[in-house]
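Presented below is the structure to which this report refers.
Chain identifiers are assigned alphabetically (A, B, ...) following the order of the sequence lines, protein sequences preceding nucleic acid strands; residue numbering begins at 1 within each chain.
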There are 2 protein chains.
Amino acid sequence: MHPLDSTRALMDGLGSEANLCVKCGSRSVGLCAPLDVAALDDMSGESERLSLDARDTIFHQGDTARHVYTLTEGMARLTRVLPDGRQSVIGFRFSGDILGFTPAAEHAFGAEMLTRGMVCRLDRKRLEQLFRRYPALERRFLDLCVKELAASQDHILALGRFSAEERVAAFLVSLAEAQERRGRAGPVFDLPATRADIGEFLGLTLETVSRAISAFRKRGWIRLHGHSGIELLDREALVSLGSGDGADAA
Amino acid sequence: MHPLDSTRALMDGLGSEANLCVKCGSRSVGLCAPLDVAALDDMSGESERLSLDARDTIFHQGDTARHVYTLTEGMARLTRVLPDGRQSVIGFRFSGDILGFTPAAEHAFGAEMLTRGMVCRLDRKRLEQLFRRYPALERRFLDLCVKELAASQDHILALGRFSAEERVAAFLVSLAEAQERRGRAGPVFDLPATRADIGEFLGLTLETVSRAISAFRKRGWIRLHGHSGIELLDREALVSLGSGDGADAA
DNA sequence: CGCTATCTTGAAACGTGTCAATCACTGTGG
DNA sequence: CCACAGTGATTGACACGTTTCAAGATAGCG
């Protein structure tokens with residue numbers, strides 16, 4: 001994977017285009033693709049839809065991991081809290097992504113909505129049964145997991161080696177790509193994450209994120225539309241800055 | 001997972017105590033545990049042992065992912081290179097860990113030995129066949145993968161939120177734990193990674209790592225034994241500093 | 001229309017990076 | 001067994017980027 005894809009893949013998360021909830025989505029793509037009709041009926045019998053507002057919690061860090069979730073609408077953030085209260089945003093998730101899948105007893109991180117939206121949840125024990133009955137489903141989870149692992153490693157690279165502006169540029173590009181891959185084709189993209197959220201994701205303070213965004217704006221690379229809209233005017237510049245082929249090193 | 005386990009779990013990697021290579025290890029633990037004798041014979045037929053010196057490359061970033069490896073002896077580092085030449089150490093691996101498992105066509109990172117050691121390699125196509133024949137094996141890979149993903153997220157947290165000394169403390173503790181879990185019980189642990197390796201893993205320069213280690217030494221927390229031995233004198237202090245319950249925040 | 005969140009901007013402090021010199025270990029050859 | 005060379009580690013001084021703290025500006029909402 002090219003480092004450019006870093007945050008892109010990261011934000012894609014466990015299950016781009018995947019869909020656990022048959023009621024809520026297409027039967028022809030995503031997780032369910034390898035399954036036959038009987039399997040789909042098995043799954044749809046147990047999944048529940050939940051409607052959520054912005055800032056609602058999907059699950060808390062430390063909660064017993066009873067369910068696996070599919071985000072079918074909206075955007076969420078995954079957060080991890082340290083004993084001393086420091087907090088970090090582990091990643092962002094979009095419609096189609098899977099949340100909270102883990103073999104551990106408890107969720108290692110919390111998940112909260114950034115926008116209003118919808119999730120489908122499936123009982124974890126039910127999923128285990130489905131794994132036994134439909135091995136192809138388990139294979140799909142393994143592929144997604146390895147993919148997300150690669151994305152996490154790219155994010156580690158970014159956090160360890162990228163400057164503030166490089167990180168913000170990579171983030172903006174990947175945000176745009178994530179939304180494009182989900183059909184939002186317009187020049188203006190949603191930016192539901194606050195500067196604080198972005199900062200906690202990128203290992204920066206909210207002020208530093210703001211300064212980077214201001215710098216891009218002053219260079220004519222982006223245009224802001226209110227507090228939750230952003231337009232990429234010079235995508236090339238952002239991609240170049242955010243992909244680690246910076247002119248400074250090389 | 002407690003943040004304390006951050007680097008520990010990370011360094012554990014895909015497959016603590018796992019063993020792909022039947023010739024080289026026990027049949028009663030690790031990856032092969034869920035398999036029966038027939039499966040083990042299937043696997044042992046195709047795995048090869050390779051002996052490697054320090055600094056030898058196991059595989060390069062970008063290589064076609066033809067094999068999956070088990071590190072049976074020694075310590076290795078995983079590295080990822082950016083287009084501009086910046087490099088980052090993604091993680092360290094110890095005997096028993098699995099290397100290079102990916103559903104992608106190419107290895108996303110390179111692997112090099114830090115010490116002399118031994119690896120077993122299994123043809124990837126063969127592994128795919130084994131997955132089909134022994135679903136339990138695939139399930140084990142999925143569990144390991146999710147575990148490593150959680151570890152990566154903890155590392156992301158550390159890179160984004162920890163100070164230099166906190167990161168180095170966490171690293172030293174996890175290194176000791178990784179070696180203890182593999183049987184090395186003495187007070188002096190191997191530290192085959194150079195300051196530069198550690199720095200690239202923790203997102204720091206080698207000088208900053210050196211300064212942190214010197215600071216710990218001057219506080220009486222550790223004692224160095226040559227260039228590759230380290231003794232933890234005040235483990236509590238290191239654990240406390242490295243687990244994010246620092247007195248500074250809270 | 002005004003309140004509140006969020007964002008922006010500035011100035012100063014701090015931590016880490018950079019560059020450079022010296023030191024210490026380790027392995028080699030005398 | 002010791003001296004030497006080479007690599008890695010340490011330490012210092014300074015520069016730079018990011019954080020911190022503080023003040024205002026802007027957008028969104030009731």
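- One atom, CG of B:L159, and another, P of D:dT18, lie 15 Å apart when rounded to the nearest Å.
- Looking at the side chain of B:T208, the nearest of the listed nucleotides C:dT16, D:dT18, C:dT8 is C:dT16.
- In this structure, A:T194 reaches the sugar-phosphate backbone alone: every heavy-atom distance under 4.0 Å involves primed, P, OP1 or OP2 atoms, never a base.
- Residues B:H225 and A:R217 each lie close to DNA chain C; by heavy-atom proximity, the contact nearer the 5' end of the strand is made by A:R217.
- In this entry the base of D:dA15 is anti relative to its sugar, with a glycosidic angle more than 90° from 0.
- Aromatic ring orientation, B:Y69 versus B:H107: tilted (interplanar angle from 30° to 60°).
- Within the 4.0 Å cut-off from OP1 or OP2 of C:dT8, not a single side-chain nitrogen or oxygen of A:K218 is found.
- Residue contacts for A:L204: at a heavy-atom cut-off of 4.0 Å it reaches the sugar-phosphate backbone alone, with no base atom in range.
- Checking each of A:M113, A:R121, A:H67, A:E112 against A:I58 for a side-chain contact (heavy atoms from CB on, under 4.5 Å) leaves exactly one that passes, namely A:M113.
- Looking at B:R211, its side chain comes within 3.5 Å of the base of C:dT18 through a donor and an acceptor atom.
- Backbone-only contact: A:S163 has heavy atoms under 4.0 Å from sugar-phosphate atoms and none from a base.
- In this structure, the CD1 atom of A:I230 is 15 Å from the P atom of D:dA27, given to the nearest Å.
- Checking D:dG17 for Watson-Crick or G-U wobble geometry (two distances, each under 3.5 Å) identifies C:dC14 as its partner.
- Using a 4.0 Å heavy-atom cutoff across all strands shown, B:S214 reaches sugar-phosphate atoms only and no base atom.
- B:E200 has its CD atom 14 Å from the C1' atom of C:dG17, to the nearest Å.
- Residue B:L224 is in sugar-phosphate contact alone, with no base atom involved, counting any heavy-atom pair closer than 4.0 Å across all strands shown.
- Remark: C:dA5 base-pairs with no nucleotide; criterion is Watson-Crick or G-U wobble with both hydrogen-bond distances under 3.5 Å.
- Within 4.0 Å of B:R55, counting heavy atoms only, lie sugar-phosphate atoms of the nucleic acid but no base atom.
- You'll find the ring centres of B:F162 and B:F171 outside the 6.0 Å limit.
- For the pair B:R167 CZ and C:dG17 C1', the interatomic distance rounds to 13 Å; values are reported in whole Å.
- By the neighbour-count criterion of 12 heavy atoms within 6.0 Å, atom CZ of A:R66 is sparsely surrounded, having that number or fewer from other residues, nucleotides or ligands.
- The nucleotide whose nearest atom lies closest to any side-chain atom of A:H227 is, among C:dC7, D:dT19, C:dT16, C:dC7.
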Practice prompt. Go through the steps to decide whether B:R195 and B:I213 satisfy the test side-chain contact (heavy atoms from CB on, under 4.5 Å), and finish with yes or no.
Written response: CA-CA 10 Å; B:R195 301 288 184 269; B:I213 288 177; 3.6 Å; yes

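- Contact annotation for B:G229: no contact, since no heavy-atom pair falls under 4.0 Å across all strands.
- Within the nucleic acid shown, B:G203 comes within 4.0 Å of sugar-phosphate atoms alone, with no base atom in reach, counting heavy atoms only.
- Side-chain N/O atoms of B:E207 and base N/O atoms of C:dC19 include a donor-acceptor pair closer than 3.5 Å.
- Using a 30° and 60° split on the angle between ring planes, B:F201 and B:H155 fall in the parallel class, below 30°.
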